[in-house]
Structure formats: structure tokens, C-alpha cells
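Quick notes on the structure that follows.
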Number of protein chains: 2
Amino acid sequence: MVNMRDVAHRAGVSIATVSFVLNGTKPVTAATRARVEQSMADLGYRRNVVARALASRRTHIIAMAYPALEHRFGMSTAEFFTSAAEAARKEDYHLVLWPVGNDGVELRELLGQGLVDGVVLMEVQLDDPRVGILRQTGTPFAMIGRTSELEGLSHVDIDFDATVEEAVKHLHGLGHRRLVLVSGDLDDPRFHAYGPWVRTEDAYRRVTAEYGLETVVLPCSDTTRAGQDVTERLIREYPEATAILVLNEYAALGVVSALNRMGRAVPDEFSVLPLLMVPETAALTDPELTMMRTPGPELGQLGTEALIRQLEGADPLPPQMVPAKLHPGGTTAAPRA
Amino acid sequence: MVNMRDVAHRAGVSIATVSFVLNGTKPVTAATRARVEQSMADLGYRRNVVARALASRRTHIIAMAYPALEHRFGMSTAEFFTSAAEAARKEDYHLVLWPVGNDGVELRELLGQGLVDGVVLMEVQLDDPRVGILRQTGTPFAMIGRTSELEGLSHVDIDFDATVEEAVKHLHGLGHRRLVLVSGDLDDPRFHAYGPWVRTEDAYRRVTAEYGLETVVLPCSDTTRAGQDVTERLIREYPEATAILVLNEYAALGVVSALNRMGRAVPDEFSVLPLLMVPETAALTDPELTMMRTPGPELGQLGTEALIRQLEGADPLPPQMVPAKLHPGGTTAAPRA
DNA sequence: CTGAAAGCGCTTACAG
DNA sequence: CTGAAAGCGCTTACAG
């Protein structure tokens with residue numbers, strides 16, 4: 001490979017000068033700059049990022065740490081990954097994928113290697129051991145999600161309050177007065193402190209109270225089967241319901257398929273509105289789901305940008321709360337008279 | 001951070017010796033080894049991978065290059081990513097995500113940086129410009145998928161022949177004699193040289209001929225809607241069919257929902273068998289799909305291992321063709337008498 | 001504005 | 001079996 005010495009030699013300057021024009025770190029006269037640039041072009045020079053990393057103590061690599069085992073891997077995770085990778089590349093960073101346990105042991109191990117400048121943390125728990133380790137080691141990081149205490153922590157997250165508000169407003173506006181939330185299963189030990197579920201439930205209780213509606217919440221794991229089962233229970237226990245909000249993606253599919261199977265017309269008898277969904281999944285039901293679209297691509301990008309700003313010492317990105325937005329579909333309508 | 005000099009100093013040896021015990025590259029007496037290891041433990045030493053990379057000319061980083069724009073991003077892609085990242089970590093490698101265009105321009109740019117030891121190529125086209133660039137630059141690589149000519153190229157892929165064989169055998173064994181393949185849409189310019197579609201069709205023509213069956217193939221894009229539309233056409237044009245094989249994931253969902261909607265009982269009137277599917281998706285229909293399960297996790301892992309073997313100079317992993325395997329479900333049965 | 005030189009933290013011939 | 005030293009390809013004070 002051609003290196004800086006080759007470039008410097010051909011341009012008749014020192015390697016320091018090549019470095020200065022490459023990085024714009026010191027003023028260089030137009031003439032020498034031109035010579036150096038010509039020389040780089042002639043030789044097809046590309047700077048070695050490993051050497052730069054060692055010398056500058058900045059690798060321009062960031063890690064996305066995700067809990068490999070604890071969480072199911074859905075479409076939104078894929079959206080996080082790809083949008084984060086693209087955002088990183090745009091800013092001249094690389095993104096590595098770190099599957100790490102929630103206890104933080106592996107994370108500490110990996111940080112010690114000195115490979116990355118910072119970390120984007122996915123699937124943050126309300127009280128997350130990984131945060132402590134990142135702080136101890138002085139590693140810059142940004143969270144997609146939120147711990148309970150946030151003092152000074154860089155983060156982006158779904159705006160669950162606004163999401164639930166818009167969802168309830170939509171259904172209320174259509175005339176629905178008897179809603180049910182099919183939520184997550186907080187009794188599952190892996191999820192008892194899972195922010196999205198806790199926050200959605202909290203928001204739902206608040207919003208229904210504000211609207212003067214009864215608050216009915218049914219726990220449900222995020223599988224099609226569980227969604228089907230909870231629908232049977234719902235129809236048995238709350239036959240007067242006319243609209244169902246569903247927190248989780250696959251559970252929502254189960255709800256619709258169970259209603260179809262039981263001959264309960266959607267949306268004539270029941271409106272169904274998922275709160276966190278991607279279009280690919282929404283298109284799978286018949287009729288297609290009206291949904292609150294998960295802002296996965298935005299969050300992956302914003303989380304990465306928040307981290308890179310820290311690394312570059314730019315103005316910090318203030319915490320960003322992005323609501324899921326209502327996407328029209330065929331599963332919500334006015335309730336039957 | 002504590003470095004090798006600190007460790008060497010505390011153990012009363014040279015940094016070379018520390019390096020030898022760390023890497024096992026030279027014999028060291030048990031006594032010195034013990035002293036060095038104790039010293040590392042005492043100081044909590046962790047080797048700096050950037051310095052190692054520069055000195056050894058091996059970064060222990062591999063890239064997964066995927067076409068950001070050209071391909072839809074489904075569950076199997078997410079499976080590739082995570083299984084590849086986990087396989088890499090197990091072998092003490094890091095995996096970076098490179099969203100690159102199919103023309104290879106960005107790929108060449110990134111390779112020039114010297115960050116990675118090798119590349120795993122996803123969504124390989126039959127004639128892929130990226131392969132030429134990897135060869136030119138002398139970059140080790142492994143493909144998930146196959147180009148048309150494969151001489152000496154390290155690759156893993158779905159075994160489309162075996163997959164189609166098992167699928168047809170399953171249906172034939174149940175008594176079906178009138179099959180239809182709902183394939184991909186090779187007229188779509190983005191996919192006219194898309195290996196999985198081309199190879200599946202070829203295999204299907206071969207296998208049906210072997211069984212002495214009529215070969216009926218309907219093109220169909222990979223969306224629920226397209227699957228629904230093609231089903232209407234199928235029923236109009238091939239009313240005598242009793243079993244439908246569906247190449248693509250979302251199209252298969254459309255096929256089942258259209259049959260349900262038209263009152264055609266599944267599996268009593270029609271058996272439906274998707275050829276590339278993940279369990280999460282198969283669970284969405286009613287009844288649950290019998291499927292050929294895409295070997296995404298295996299391929300992500302094998303592709304990564306194939307690359308790492310090359311890098312370590314171990315015996316090369318021979319090309320691995322992994323068939324999708326039959327998973328029982330509720331959508332195949334004997335045809336009506 | 002430009003250059004000589006030290007240094008980033010390792011690996012690896014080479015010598016003993 | 002162990003060590004002194006060169007070198008990986010850059011960045012960055014420091015001096016001029």
C-alpha cells in the first residue's frame with residue numbers, strides 16, 4: 001500500500017505537511033496543498049485508519065451494544081442497526097456490532113481492548129449495569145432508550161407519552177369509549193424493568209384518566225400465539241370493548257388473526273391499533289393494520305449522531321423523544337352504533 | 001490504561017516476553033509465564049488491539065458488506081447480522097457493518113482504509129462487481145450466496161436443489177400431483193440476476209421433470225399484496241392445482257390470506273408450502289404455515305467462519321450448501337380425493 | 001507556513 | 001528461553 005511517506009516524497013514535502021493537508025489541522029499554502037493533493041491523487045493514496053487511530057488515540061469506530069440473548073430480534077432492531085451504520089458512515093465512522101450480556105461483563109472486556117471511541121447502547125433497562133461500566137471506564141456513550149435516572153446522560157427514545165396520546169386521541173375521535181390496552185408481560189423476569197413497556201403502561205393510565213375512560217390493561221408476551229390467547233380472554237372478560245391498542249408487534253398480529261378466526265369483524269366490531277410497529281409487519285394482516293409506526297430509523301440515526309457529537313466535542317444533541325406516528329390502515333373505524 | 005511496559009516492568013521481563021506469553025508465539029518457561037500472568041492479572045492488563053493491529057498487520061476486524069438500498073430488509077437479514085457478529089466474537093474478531101452499493105465504489109473506498117482483514121459479502125449477485133474489487137485488492141472474502149463462476153471462491157449458500165427436492169417430495173408423498181410454484185419476479189430489473197430466485201426456479205423445473213409432473217411457475221414480487229393477486233390468477237388459470245409452493249416470505253402470507261378470503265380451505269383444498277421462511281413469519285397465518293425454514297443463522301455463522309479460517313490460514317472450509325428444512329405446520333395435507 | 005523527531009503500544013526478526 | 005531494537009503508518013508538540 002502507498003503510505004504518507006510516498007506521498008510526501010513525491011510532493012517534495014515532509015509527512016507532517018501531508019498530514020496537515022489531509023486533516024486540515026494546520027494552515028498550508030495553496031501551492032503546497034495543491035502539490036500534495038496531486039501527489040495523493042497520482043498515487044491513489046488512502047490514509048491508514050489503524051495508524052491514525054494509534055497516533056491520535058481516536059479510532060473512529062463506535063460500537064452498538066445489544067443484548068444478544070435477552071431480547072427477541074425483530075424488524076425494528078434491524079432498522080436500528082442499518083440506520084446507525086449509515087449514520088456512522090456518513091460521519092466517517094465505522095460501526096461494530098457487540099452482542100453483550102446485560103450484566104456488563106463482556107462489555108467491560110471489550111472496552112478494555114481500546115477499539116472503540118464510544119458506544120451506542122440498545123435496549124436500555126431502567127437500571128442498567130452497563131451504564132455503570134461505561135461511566136467507570138470513562139467511555140462516551142449514547143442510549144437508545146432511557147434509564148430511570150438520566151442526569152446528563154445522552155439519550156434518544158420513543159416518546160411513549162405522545163405516542164399513546166395520539167393513539168387514544170385517534171380512537172376517541174372515532175367515537176370509541178371502551179378501550180383495552182394489550183400491554184407487555186411485566187411479570188416476565190426478563191422484562192420487569194423494560195422501559196418501553198413500563199412507560200407505555202404509565203402513559204396509558206394517565207391518558208385514559210384524562211379522557212375519563214376506564215383503564216383496562218391486559219398483559220401479553222410478544223408472540224402471535226400470546227396475542228391470540230389474550231384476545232379470547234379479552235372477549236370473554238370485556239365484551240363491551242370496541243377498540244384494542246396493542247403494545248407489541250407480534251402480539252398485534254395475533255390479536256387480528258384471533259378476531260378474524262372468531263368471526264369478529266375488524267374494524268366493524270373491533271378497531272385494532274398497534275403502538276410499535278413497522279410497515280412490513282403491518283402489511284401482513286387482512287385488513288392491513290392501522291399503526292403507530294416505530295421511529296426505528298430515526299432513533300438509530302439520532303443515537304449515533306448524539307454519540308458522535310460528544311466525540312467531536314460539538315454542541316451536545318439534547319435528548320430526543322420521537323413519537324411513533326399514526327399511519328392509516330384498515331383496522332380502525334368508528335364503532336358500531 | 002496499563003500497557004505492556006507496565007506489565008513487563010512489574011514481572012521483571014521484557015515486553016517481548018509479555019507478548020510471547022500473551023500470544024503463545026514463542027516458548028516461555030513456566031516460571032516466567034506465571035510471573036507475567038500474575039502481573040497482568042494484578043494490573044488488569046488488556047492488550048490494545050489497535051497497536052496490535054498496526055504492528056501485526058492484522059486488525060482482527062471483518063466487515064459484513066450488505067447492499068443498503070437494493071434489497072429489502074427482512075428477518076433473515078437480521079439473523080445473518082447477529083449470527084455473524086456472534087460467530088466473529090467467539091473467534092476474537094469484531095464485525096463492522098458496511099452498507100455499500102452494488103457497484104463496489106464504496107467498497108473499494110472502505111477497503112483502502114486498511115481497517116479490515118476480510119469481508120463477508122451478503123446478497124451476492126450472479127455477476128457481482130464487488131467480487132472483482134475484492135480480488136483486485138487482494139482482500140480475503142467469503143460470500144453468503146454465489147456468483148455464477150465460483151472457481152476457488154469461498155462461499156456458503158442455501159442449497160436450493162435439496163430444498164426444492166424435499167419440498168416437492170413432501171407434497172408428492174402426501175399425494176399431490178398438480179403443483180404450482182409461486183416464484184420471484186425475475187422481470188424486475190433489480191432481481192433479474194438474483195441467485196436465490198434463479199436457482200430455485202431451475203431446481204424446480206428439474207425436480208418436477210424428474211417426478212414427471214407438469215411444471216407451472218408464476219412470477220410474483222415479495223409482498224403480501226402480490227401474493228394475494230397471484231393467488232387469484234392461479235385459481236383462475238390452474239383450477240386443478242392442489243398444492244402451492246411459494247418462494248418468498250411475504251408472498252406466502254398473501255397466498256394464504258387470499259385463499260382464506262376466497263373461502264378455499266387450507267390445507268383441505270390447497271396445501272401451501274413456503275420455501276424460504278422464518279418461524280416468526282410462519283406463525284402469522286391461520287393455520288400456521290408448514291415451511292422450509294431458511295438457514296439464516298447457520299449461514300451467517302458459516303460465512304463468518306469460512307472467512308476467519310482463510311485469515312488464520314487454517315484448512316479452508318469447503319463450500320457449504322445448507323438446505324432449508326421442513327418444519328411441520330398446518331398448511332399441508334393430503335389432497336381431497 | 002514547514003520540517004525533524006518523538007511517540008502511540010504493540011509484534012517480530014535477530015542475536016545471544 | 002529471553003531481550004534490545006526496529007518498525008507498523010500515522011499525529012502532534014516543538015522549533016524555526
Side-chain angles (χ1 to χ4, degrees), chain A residues 1-37 39-40 43-61 92 94 111-117 311-313, chain B residues 1-37 39-40 43-61 92 94 111-117 311-313:
Chain A
M1 253 0 280
V2 24
N3 62 22
M4 246 180 197
R5 274 207 12 249
D6 304 326
V7 174
H9 186 254
R10 175 179 247 267
V13 299
S14 73
I15 62 166
T17 302
V18 176
S19 178
F20 299 153
V21 340
L22 201 54
N23 298 307
T25 36
K26 294 239 173 130
V28 173
T29 58
T32 23
R33 168 186 313 284
R35 281 217 314 290
V36 170
E37 278 167 352
S39 169
M40 295 198 292
L43 298 172
Y45 172 71
R46 221 154 297 290
R47 91 133 84 47
N48 181 305
V49 297
V50 177
R52 172 174 65 155
L54 184 60
S56 68
R57 256 138 297 188
R58 308 253 289 95
T59 62
H60 275 234
I61 301 174
D92 197 28
H94 291 273
L111 288 172
Q113 301 186 159
L115 181 73
V116 306
D117 291 339
L311 298 177
E312 313 259 297
Chain B
M1 253 3 275
V2 23
N3 62 22
M4 247 181 197
R5 274 209 10 250
D6 304 327
V7 174
H9 185 253
R10 175 179 247 267
V13 299
S14 73
I15 61 168
T17 302
V18 176
S19 178
F20 299 152
V21 341
L22 202 53
N23 298 307
T25 35
K26 295 239 173 131
V28 173
T29 57
T32 23
R33 171 188 309 285
R35 281 217 315 289
V36 170
E37 277 167 353
S39 168
M40 295 199 292
L43 298 171
Y45 172 73
R46 222 153 293 291
R47 89 135 83 49
N48 180 306
V49 296
V50 177
R52 172 174 66 154
L54 184 59
S56 67
R57 258 142 293 189
R58 309 252 290 98
T59 63
H60 274 234
I61 301 174
D92 197 28
H94 292 273
L111 288 173
Q113 299 185 157
L115 181 72
V116 306
D117 291 339
L311 298 176
E312 313 259 296

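Computation of the quantities below employed the complete heavy-atom set of this structure, encompassing side-chain atoms and omitting hydrogens, waters and symmetry-equivalent molecules. Chain identifiers are assigned alphabetically (A, B, ...) following the order of the sequence lines, protein sequences preceding nucleic acid strands; residue numbering begins at 1 within each chain.
- Within the shown strands, nothing qualifies as a pairing partner of D/dA13 under the Watson-Crick or G-U definition with both distances less than 3.5 Å.
- Here C/dT12 is the nucleotide among C/dC10, C/dT12, C/dC8 with the atom lying nearest to any side-chain atom of B/Ala16.
- Remark: A/Asn23 is in phosphate contact with D/dT11, judged by side-chain N or O atoms under 4.0 Å from OP1 or OP2.
- Summary of the strand contacts: A/Ala53 and B/Ser56 both lie near DNA chain D, and taking for each the nucleotide with the nearest heavy atom, the more 5' one is attributed to B/Ser56.
- Within a 6.0 Å sphere centred on CZ of A/Arg58, heavy atoms belonging to other residues, nucleotides or ligands number more than 12.
- With contacts defined as side-chain heavy-atom distances shorter than 4.5 Å, the pair A/Ile61/B/Ile61 qualifies.
- Among the atoms of the strands shown, none is found under 4.0 Å from any heavy atom of B/Val49.
- The interatomic distance linking A/Asn3 (CG) with D/dG9 (C1') rounds to 6 Å, in whole Å.
- One finds no side-chain N or O of A/Tyr45 lying less than 4.0 angstrom from the OP1 or OP2 phosphate oxygen of D/dG9.
- The CG atom of A/Asp117 sits 18 Å away from the P atom of C/dC8 (whole-angstrom rounding).
- Side-chain polar atoms of B/Arg47 and B/Asn23 form a donor-acceptor pair below 3.5 angstrom.
- Within the structure, a side-chain polar atom (N or O) of B/Thr29 is placed less than 4.0 Å from OP1 or OP2 of D/dT2.
- Going from atom CZ of B/Arg33 over to atom P of D/dC1 covers 10 Å, rounded to whole Å.
- Put simply, CZ on B/Arg58 is 12 Å from P on C/dT11, counting in whole angstrom units.
- Which of D/dG9, C/dC10, D/dC1 sits closest to the side chain of B/Ala55 comes down to C/dC10.
- Between A/Val13 and B/Val50, the residue whose closest nucleotide on DNA chain C is further toward the 5' end is A/Val13.
- Regarding contacts with the backbone of D/dG3, a side-chain N or O of B/Thr17 is found under 4.0 angstrom from either OP1 or OP2.
- Put simply, CD1 on A/Ile15 is 11 Å from P on D/dG9, counting in whole angstrom units.
- The side chain of A/Ala51 lies closest to D/dC10 when the candidates are D/dG3, D/dC14, D/dC10.
- Inter-residue side-chain proximity for A/Leu115 and B/His94 is flagged as met; some heavy-atom pair is nearer than 4.5 Å.
- Heavy atoms of A/Ser19 sit under 4.0 angstrom from at least one base atom.
- With a 4.5 Å cut-off on side-chain heavy atoms, B/Val49 and B/His60 do not count as touching.
- Among the nucleotides C/dG9, D/dC10, C/dC1, the one closest to any side-chain atom of B/Leu54 is C/dG9.
- Between the NZ atom of A/Lys26 and the P atom of C/dA4 there is a distance of 14 Å, given to the nearest Å.
- The nucleotide whose nearest atom lies closest to any side-chain atom of A/Thr32 is, among D/dT12, C/dT2, D/dC1, C/dT2.
- Atom CZ in B/Arg5 sits about 15 Å away from atom P in D/dG3, given to the nearest Å.
- Going from atom CE of A/Met4 over to atom P of D/dT11 covers 4 Å, rounded to whole Å.
- Nucleic acid contact for A/Arg47: sugar-phosphate only, since backbone atoms but no base atoms lie under 4.0 Å from a heavy atom of the residue.
- Dashed line: the shortest gap from a side-chain N or O of B/Ser14 to OP1 or OP2 of D/dG3 is under 4.0 Å.
- Taking 4.5 Å as the limit, some side-chain heavy atom of A/Asp92 sits within range of a side-chain heavy atom of B/Gln113.
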